[in-house]
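The structure appears right after this line, and notes come after that.
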Amino acid sequence: MNIIEINNVKKDYPLGQTTVHALRGIDLTIQEGDLISIIGPSGSGKTTLLNIIGCIDSATEGSVKIADKEITRMNDKDLTNLRLYKIGFIFQTFNLIPVLDVLENVEFPLLLMKQYTRDQIRKRAEKLIGEVQLKEYIRHKPSELSGGQRQRVAIARALVTNPDIVLADEPTANLDSETGATILELMKEMNEIEKTTFIFSTHDADVLKYAKHVVKLRDGHVVEH
Amino acid sequence: MKLLLKINEIKLIARISLRNLFRQRRRNILLGIAIAFGMMILVLANSFSNGITDNLFNRLIVYATGHIEVLATEKGRFNTSITRDKERIENIIKKKIKDMRFINESIVAFTRAIGNGKAESVIVVGIDLSNDNDPGSVKWEIVKGNIADFTNGKVEFPYMVHEEKAKDLNIKIGDTVKVRLSTIYGQQQTARLTLVAIAKSAGVFQSMATYLPFHKLKALLGYKPWESGSLQVILKDPKTSIFQANNLYQALKPDLAIIFGELRSVTSFSPATALSFYKERSLVTLLTNKVKSLQGNFQNVTNEKRIAVSTDLARSLNVSVNDKVQYVFKNKFGGGSTTNSFTIKSVFDPKGVLDKKTVLLNENDLYDIYYKKALPDDYRNYKEAFVPSTNCPVYASLATEWRLLPRSRDNASMEKKYSDLSKSKWKGIALDVRTMYETASQVVQLEVALNIITFVAVLILFFIILIGVVNTMRMSIRERTREIGTIRAIGMQKKDVRNIFIMETFFLSFFASLAGVVAGFLVMGFLYLFRFSTASAMSILLVDRHLYFVPTVGMILFDIIIILLISVVTAYFPSRRAANLTAAQALRHYE
Ligand SMILES: Nc1ncnc2c1ncn2[C@@H]1O[C@H](COP(=O)(O)OP(=O)(O)OP(=O)(O)O)[C@@H](O)[C@H]1O
Ligand SMILES: [Mg+2]
């Protein structure tokens, strides 16, 4: 089943007097449970595409369907809920909430959902923290963790709501190659365990080791699929 | 269940807010100190202003002038006040004034007292310890002597002074103090007072006062029992003084001065209504134009002890011009009757204007016989009494019971009114209704000034908070833009993001204002350690030589709410702007 269907998506950024055409007509469908890597040179539109799929930015033109729902005409409140329930995010700079400890960071999206009791939330968060091997760090603040550990917390946070899609924009760019490899390994593992669709962008040419499919962008076009 | 889940979310937002508050510690502490300081000033200013109000309205003014005062004077002498018919004025006050605590009959004398080799200016106040409505019937804190001796009649003139005065006069319990008092009729007399008690004083104003039993002082000053000094009204709500005084003023508009009595000649007598006329030329002319003098000349009646009688009366008493007659009336108070002799200077035709049995006096004679010995019995008790209607053609010429002075707007216009009147030729009875806002205007202005200071403090505080909050928020939002992007991407709704920032400010102002309240109390406690000299001009602000603060729970809550309101409203707009950032923009934010 197609979890994502993108048709002729264009994205323009106004920049002073001119316009930057970041995406120039993207057509893309992604299957549920896939593990996709988006690659391409700097400025080719990877972040822009991920933002549009993640419903945190809107396309200038074209249609985007997430789980069969057209999102281009949704209001902010519905988009926010869609993100909360269906999408997980992993960022290049980890983006944990600095005042919350590991457990609280992972619990955070569950609390926003207002569906589970404290006990259910605690159990679910602890399970995920276990899966990313951070059990001993449960009460640590982000500032007390290494980059790799932070990114593992971010993975746990992205997966804790059991989303349909996890989007990761260059999740390994801020890590040394060895740690980066373990993170990608973990994502691959999670993709297998949780059957979650993973889409990540990278500069790393070595990703074919981890990705099931690769989408190659250049100048706002898909050049290889 | 739903509520519980919602509460979990609110707790999360509160937790993030609180922790962020403590993360950017230095910046927030600075703002917090500013808010706490402002709050402290606010609490101090409010408590102080409250203290002043309490001191002024409930102690000082109650003693000195009352909230509203009805002052009656004669012959333009404003330092002696004589209410001749206390009962009548009191009844009008009781009928008109709403929410009155009591009426205080003020008997006061300003004089010099001679102690042991020392003389001092004093105010002698008559206090009635047995009357609950007397401001002097408080629980006195006696330093020496015995307050019981004040009332038990063991000494003829028991005298009480405050500590400071006892020292100044160099007197001990049992010593004699000589005072010269001038009666309301202007006679001087010396009284020997015996010091029976020395009281602790609560403020400078109080220590000026010395005390004699009310009835003793009243008699010494020559007041008859039905007379009194000025009547002072103490209200439940002093703020309504002016409004109520204006109402009272309307009700105190005088009636005509009418006496019903008997006119007697050597051979005969007849009931007769006595009216009188003002001596102003235009008013006399009005009268002589309307009322024909058949014998003699009406102008001559303006002299002392002269009278004009109607033709009917002249005929039935068989008298004519230059004959002597007596006018007799029953007294209103104290029983008996009063007789006055007059010489007839005019016999007039009352037809169409006045009653057949009317006599006319000039106003000086009238006020003399009307008020001096005992008041005439109320003419309303007599059916035969002639009461001219307001459309009587000579109504304007006829003298009234008193003249009601126009209300004054402030102290200056009140003083001018009095000085104009004492310079004018008119020597009748004048009644003035005044409030503490005129009489104690300097003192009341002090309260106004304090309120202005408080208001300015609030304004300054407002700006501190405004600038501080906006600035702090702008910095913290800039620093946390990426964080805002993150939580928006994860799925937090706009309004919750906004609330995180608002709550942060809320908590900060809340803790800071609590700290400010505590600091305010500490400062008040600290200031209470000091005793101030009573010599300074500001000493009326002191109670028992301490600065006097009256903080109230309501006021403090109000202040806290004001501060929270200001800061939350101020925080609202930057918070909303932060929440409205699109997640993609916020995540891309770089600095
Ligand atoms: N907010 C913006 N305003 C103007 N231009 C923008 C904006 N965001 C992105 N762009 C432009 O859009 C194009 C695509 O940017 P994007 O960030 O998607 O590239 P990318 O493939 O993620 O690059 P990198 O690998 O360096 O992260 C670039 O040319 C960039 O300059
Ligand atoms: Mg990018």
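Proteins get letters first, then strands, A, B, ... in listed order; numbering begins at 1 in each.
Of all residues in residues 505-523 of chain B, none places a non-hydrogen atom less than 4.5 angstrom from a non-hydrogen atom of chain A. Listed in order of number, the residues of residues 551-566 of chain B that approach chain A to under 4.5 Å between heavy atoms amount to none.
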message: Evaluate B:L12 against A:L112 for side chain to side chain contact (heavy atoms under 4.5 Å, CB included), listing each step before the verdict.
response: CA-CA 9 Å; B:L12 173 74; A:L112 294 184; 4.2 Å; yes
task: Could you please spell out the steps behind the side chain to side chain contact (heavy atoms under 4.5 Å, CB included) verdict for B:K494 and A:T80?
output: CA-CA 9 Å; B:K494 266 184 193 176; A:T80 306; over 6 Å; no
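Per-residue heavy-atom pair counts under 4.5 Å with chain A were compared for B:R23, B:K6, B:E9, and the maximum is reached by B:E9. Taking chain B as the reference chain and counting heavy-atom pairs below 4.5 Å, the highest number among A:I56, A:T48, A:T47 is found for A:I56. Of the residues considered (B:T582, B:I487, B:D496), B:I487 shows the highest number of contacts with chain A, using heavy-atom pairs under 4.5 Å. For the options A:I121, A:T93, A:L82, A:L111, heavy-atom pairs under 4.5 Å to chain B are most numerous at A:L111.
For the pair B:E483/A:I97, a side-chain contact is recorded, criterion being any heavy-atom separation below 4.5 Å from C-beta on. In this structure, B:F22 and A:V99 have side chains that are not in contact, with every pair of non-hydrogen atoms separated by 4.5 Å or more. No side-chain heavy atom of B:I16 sits under 4.5 Å from any side-chain heavy atom of A:E104. Counting only heavy atoms from C-beta outward, the side chains of B:I490 and A:T161 never approach each other to under 4.5 Å. A heavy-atom distance below 4.5 Å is found between the side chains of A:R83 and B:R488. Side-chain contact check for A:D169 versus B:L587: every heavy-atom pair is 4.5 Å or farther apart. Looking at A:L84 and B:M492, their side chains never come closer than 4.5 Å, going by heavy atoms from C-beta outward. Using a 4.5 Å cut-off on side-chain heavy atoms (C-beta onward), A:N95 and B:R482 make contact.
Looking at A:N51, only its side chain comes within 4.5 Å of chain B, counting heavy atoms on both sides. Interface remark: A:K86 contributes no atoms to any contact with chain B (heavy atom separation under 4.5 Å). Residue contact with chain B, scored on non-hydrogen atoms closer than 4.5 Å, is absent for A:Y85. Within the 4.5 angstrom heavy-atom criterion, no atom of A:F94 approaches chain B. Looking at A:E107, neither its backbone nor its side chain comes within 4.5 Å of chain B, counting heavy atoms on both sides.
The pair B:R19-A:D101 does not count as a salt bridge, with every side-chain nitrogen at least 4.0 angstrom from each carboxylate oxygen.
Other residues, nucleotides and ligands place no more than 12 heavy atoms under 6.0 Å from the CZ atom of A:R73. Within a 6.0 Å sphere centred on CZ of B:R474, heavy atoms belonging to other residues, nucleotides or ligands number 12 at most.
The NZ atom of A:K114 sits 8.5 Å away from the CD1 atom of B:I10 when rounded to the nearest 0.5 Å.
Residues B:A489 and A:F89 approach most closely at O-CE1, 3.3 Å, considering heavy atoms.
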